[in-house]
Structure formats: C-alpha cells, structure tokens
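Numbered from 1 within each chain, the chains take letters A, B, ... in sequence-line order.
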Number of protein chains: 2
Amino acid sequence: MAPPARRAPLSTERVLRAAVDLADVAGVEAVSMRRLAQELGVVPMALYKHVANKDQLLDGMVDVVLAEIDPADPALDWQAAVRARVLSARQAVLRHPWARQAIESRTHRTPTVLGHMDSLAGAFRRGGFSADLTHHVMHALGNRIWGFSPELFYEPPAADAATPSVAEQQALAAEFAERYPHILEIAVAATGGDLSGVGGGCDEQFEFEFALDLLLDGFDRLRVQGWSSRRS
Amino acid sequence: MAPPARRAPLSTERVLRAAVDLADVAGVEAVSMRRLAQELGVVPMALYKHVANKDQLLDGMVDVVLAEIDPADPALDWQAAVRARVLSARQAVLRHPWARQAIESRTHRTPTVLGHMDSLAGAFRRGGFSADLTHHVMHALGNRIWGFSPELFYEPPAADAATPSVAEQQALAAEFAERYPHILEIAVAATGGDLSGVGGGCDEQFEFEFALDLLLDGFDRLRVQGWSSRRS
DNA sequence: ACCTGAACACCGTTCAAGT
DNA sequence: ACCTGAACACCGTTCAAGT
C-alpha cells in the first residue's frame, strides 16, 4: 500500500506561521505543542525538529509579529522617527491580541527584539541624545516601545455570571460609589456617563498617544537642557 | 486508634500566606494547587474550600502583597503623595520578586487593587486635577502604579550554557557591536564600561525614579495649564 | 540514522463513592 | 452533610524501541 498523502514538509517558518494563526483564532493559551502538532497533522515530537522547546516557539511567534513593523524612515527627525516606529509596532500588536502577553512573558531577547531596540536607540542618538540619556528615555518608554501600555482599567465582562437583578445592580453601584469614589469619577469622565461595564468605554488609542507625546515632550526638554546623570 | 495529629485548620488566610511563602522561595511557577496542598500537608481538593480556583488564588496572593503598601499620608501635597504611594508599592513588589509577573497576568480587579487605584486617583483629584486628566495621567503611569516598569534590558544569565572560549566571546562581541551598535553604546554608558553580561549593571531604582519624576513633572505642567481633552 | 509511540512527571478540576 | 480518592482531560519533554 502506498503511504497516505503527506502534508507539505514542516519547516520552522511553517511551524511559527501555524502557531501565530492558532493564537490569532484560539488565543495564546490554546497554543500547546500537542495542539499545534494536531493542527499541522503531525505527531507532537515532529515539532521538536524545528523549535527546541516551547519557550523558543513563543520567541519565534513574537518575532513573526515584530517582523510586521514598518522599517525605519531615515528622513524623519528623531521625534517623528520614534513616534512612527512605536505606532507601527502598535499596529502589529493590535493585529495579534495575544502579542502583548507573549512579549511581556518573554525574558529572552531575540535578534529581532534587539534589532527593534537598536533602531529606536539609533533614532534618539541621531537626534542628539547622549548614550546615557538614550538609555534612560528608553526605560521611561517601557513597553510603549512595543506599542502597548498596561491595561489598567480593563475588565473582561463575566459572561457566565448570572446577570444580577436591577435592585442588586443598584446596590452594587451604590457600594462601588462609596468605596471607590475617584474611580467612579474617572469612569464617568472617560465614558461621558455611559457606565455599562466600568472602564469599558476608555479610548485606548487616545491614552496611548497621550502618554507617548507627554514622554516625548519631556525627553525633548531634557535633550535641549543637555541633561546628564549626576550619579555618585 | 486515634486519628493522626492534625495540622492547624485551614483558612483562606493560611492558604494565601503559604502560597506567598512558596512563591517567595520557589518562584511563582512552582505554585500549583497540588504542590501548595502538599506544602500544607493537605489533600489538593481541600484548598477548594478556601479559594474557588487557581485564578482566585493568584488574585489573593497579589492582594497579600498590596496589603504591604503604606497607608496614604493626608498631609502630603499631590506630587509627594503619589510619589510616596508608588515608591511604597515598589518596596512591596521588590520583597516578592514574583509579584510583577503575577500583577501583570491578573485581569481581575480585586477590592484591594481598586482601593490602591482609588487612593492614587484621590491624590490627583485633591491636587486640582480634573477627573478627565486624572484618568489620563494614571494611564500614563501605567504599571508604575504598582511600583515597577518593564524589564527592557534584563536577560537572566544562561547558567547552563557552556561558557564559550575567549575567542568565541570576542567573535560574539564583535558581531553584537556590528549589528546592535546603539544598544552597545547604551550598555557602556549604563555600566561605565563593565560589560559582564550586557545590561546587567543597570540601576533599576534610578530608572524607575527617572521615569516617575519625568512623568510627574509633565503632569504638573498639564495641571497648571488647565489641560482638558478636546476629543470630538 | 532516523523517526515516533509510549511513558514520565506533572497540571487544574470534576465527580461519584465513601463515611 | 461533609470529605476525598480516583478519574478526566490535559500539559512539555524524555527515551527507548522500532524501522
């Protein structure tokens, strides 16, 4: 008997591509070696030919996302260059909702990760920042380098929870207003009064650019001052 | 026969305390329901009397850490109040190295979490920030609210990797210098030339306060300008 | 030499059986 | 009514046996 029809031969590329697709449709928590192998019509151990282990698989998945970032435009001044790079990273991360968490969980710096960091650092250096100040401002940018900031106020709707009665809702709201008056104020200001799910109406893109531009302005002020650290 | 000597009866407190201790000594990845039960001399299912599931266990562990934050001092002006609160949170998080990761992985806002956020928001409001601006600046602070910023440059030493020969080290360093010249500059500036482990010598506390004060200065500038969002 | 099935040492959680 | 052992449906990875 002839062997059954074979799938196209595996490759690291095909494995990573499949992992990214799987994460896109089923979430990153669904990406296990076993499930991924099944998705590829392959025995789990076959994957270990192309990725050393699961950590390396996740590194590779992050690399796939970062490869979607637009290349740097050398014609831009430092502020526009950093802004463009960071907002492009944001577009890539928004395309893959699992990417935030994956990036934050990674401790290993792959060449792709280092490349993005080096490109950003280069933009600051060309803009007249000292190496020292470049180091500090990149720390200050934090995860905004990767196009996201922490989701401070997000809470996924508990779809399974029994919807409370109107009376219960009012009691909960009253207790919330008493215990956390300032969070309530904030939520009202952010949503214009529509509080269906506290914090749900927050405009993430606005918050991202607000903080980004605040930081970039602060950086520029230090740059023109010729700031340098006066540590011991 | 008398039953064997019993351990002190369980309680949510005792379970959480044990989980925090276990995470402190063995890392958060060692905290499994089964391992934790074993540590308490108890059958795994016994834990489910005191925590609904593992997610709630992690929520409780975060709460234990946040409970270590100093209470707010009403005598301070807004800038000093926010600074004190955030730096106190930092002390708590530094005492429990697993707390960063645990906080970042949580999506559920417990009363303790909401309480800390409300307290910070209150400091801004009392300082003359509008509810709207308070919302934005808290987003801009991001995870600094919890006393940490992402570890951009950290890489744990690969203790298991065979130490490369001197020649190999030099070749690696040369390739690194060529591919990532700006990261190298930054590392040199940060460590004063000692590059035993790129990025290892970075003063995290300094970076944290640098970014914190940069942000607080920016916030103050917006406050005195009477900034308000001009969204459609 | 290559490939892979079974096995190992784990998970979180359900559930029925036992007291 | 309470408690809990066994079981279920998973993990990542090793390793020896098979071709």
Side-chain angles (χ1 to χ4, degrees), chain A residues 1-12 14-16 18-20 22-23 25-62 98 101-102 105-108 156 158-161, chain B residues 1-12 14-16 18-20 22-23 25-62 98 101-102 105-108 156 158-161:
Chain A
M1 255 177 99
R6 291 290 183 113
R7 303 205 61 85
L10 284 189
S11 67
T12 305
R14 228 166 73 80
V15 169
L16 294 181
V20 166
L22 179 56
V25 312
V28 72
E29 77 283 356
V31 178
S32 67
M33 300 299 275
R34 294 168 116 107
R35 169 81 185 269
L36 179 56
Q38 183 189 309
E39 217 77 26
L40 285 161
V42 140
V43 73
M45 286 314 298
L47 299 178
Y48 286 81
K49 280 268 138 53
H50 304 98
V51 290
N53 49 41
K54 190 169 182 192
D55 259 11
Q56 209 182 79
L57 175 70
L58 285 167
D59 283 344
M61 291 171 66
V62 168
W98 48 271
Q101 186 190 326
S105 75
R106 301 294 72 208
T107 150
H108 187 199
D160 56 331
Chain B
M1 251 179 104
R6 292 288 181 117
R7 303 207 59 87
L10 284 189
S11 68
T12 305
R14 228 166 75 80
V15 169
L16 294 180
V20 166
L22 179 56
V25 311
V28 72
E29 77 282 356
V31 179
S32 68
M33 300 300 275
R34 294 168 115 106
R35 170 79 185 270
L36 179 57
Q38 183 188 310
E39 217 76 25
L40 285 161
V42 142
V43 73
M45 286 315 297
L47 299 178
Y48 286 79
K49 280 269 137 53
H50 303 98
V51 290
N53 49 38
K54 190 167 182 192
D55 259 12
Q56 208 183 81
L57 174 70
L58 285 168
D59 283 345
M61 291 171 66
V62 168
W98 48 271
Q101 186 189 326
S105 74
R106 301 294 74 206
T107 150
H108 187 198
D160 56 332

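Computed from coordinates, the B:L57 CG to C:dC11 C1' distance equals 14 Å when rounded to whole Å. Atom CD of A:E29 and atom C1' of C:dG12 are 14 Å apart (whole Å). In this structure, A:L47 atom CG and D:dT14 atom C1' are separated by 15 Å, rounded to whole Å. The NZ atom of A:K54 sits 14 Å away from the C1' atom of C:dC10 (whole-angstrom rounding). Taking atom CD of B:Q38 as the reference point, atom C1' of C:dC10 lies 12 Å away to the nearest angstrom. Rounding to whole angstrom units, CD of residue A:Q56 and C1' of D:dT13 are separated by 14 Å. Atoms OH (B:Y48) and P (C:dT14) sit 7 Å apart, rounded to a whole Å. The interatomic distance linking A:R35 (CZ) with D:dT13 (C1') rounds to 20 Å, in whole Å.
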Review point. Can you list the steps and then say if B:M33 with B:V51 is a side chain to side chain contact (heavy atoms under 4.5 Å, CB included)?
Key: CA-CA 10 Å; B:M33 300 300 275; B:V51 290; 4.1 Å; yes
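Here CG of B:L47 is found 11.5 Å from CZ of B:R34. Values are rounded to the nearest 0.5 Å.
Using a 4.0 Å heavy-atom criterion, one finds that B:M45 contacts the bases of the nucleic acid, with or without backbone contacts as well.
Comparing D:dT13 with C:dT13, their C1' atoms are spaced 23 Å from each other, to the whole Å. Using atom C1' as the reference point in both D:dC10 and C:dA9, the two lie 13 Å apart (nearest Å). Spacing of C1' atoms, C:dG12 relative to D:dT14, comes out at 24 Å, to the nearest Å. Comparing C:dA7 with D:dT19, their P atoms are spaced 16 Å from each other, to the whole Å.
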Review point. What would the secondary structure line of DNA chain C be in dot-bracket form, counting Watson-Crick and G-U wobble pairs under 3.5 Å, with [ ] for pairs that cross earlier ones and | for pairs with another strand?
Key: ||.|||||...|||||.||
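With a 4.5 Å cut-off on side-chain heavy atoms, B:H108 and B:D55 do not count as touching. Two residues are said to be in side-chain contact when any heavy atoms from C-beta on lie closer than 4.5 Å; B:Q101 and B:V28 meet this criterion.
Listed nucleotides: D:dG12, D:dC3, C:dT13. Nearest to the side chain of B:K49: D:dC3. For B:R34, whose side chain is taken as the heavy atoms from C-beta onward, the closest listed nucleotide among D:dG5, D:dG12, D:dA7 is D:dA7.
Residues A:A19 and A:L57 share a closest heavy-atom pair of CB-CD1, 4.0 Å. In this structure, A:H50 and A:T12 approach most closely via the heavy-atom pair O-OG1, 3.3 Å.
Between the side chain of A:N53 and the backbone N or O of A:Q56, at least one donor-acceptor pair lies under 3.5 Å.
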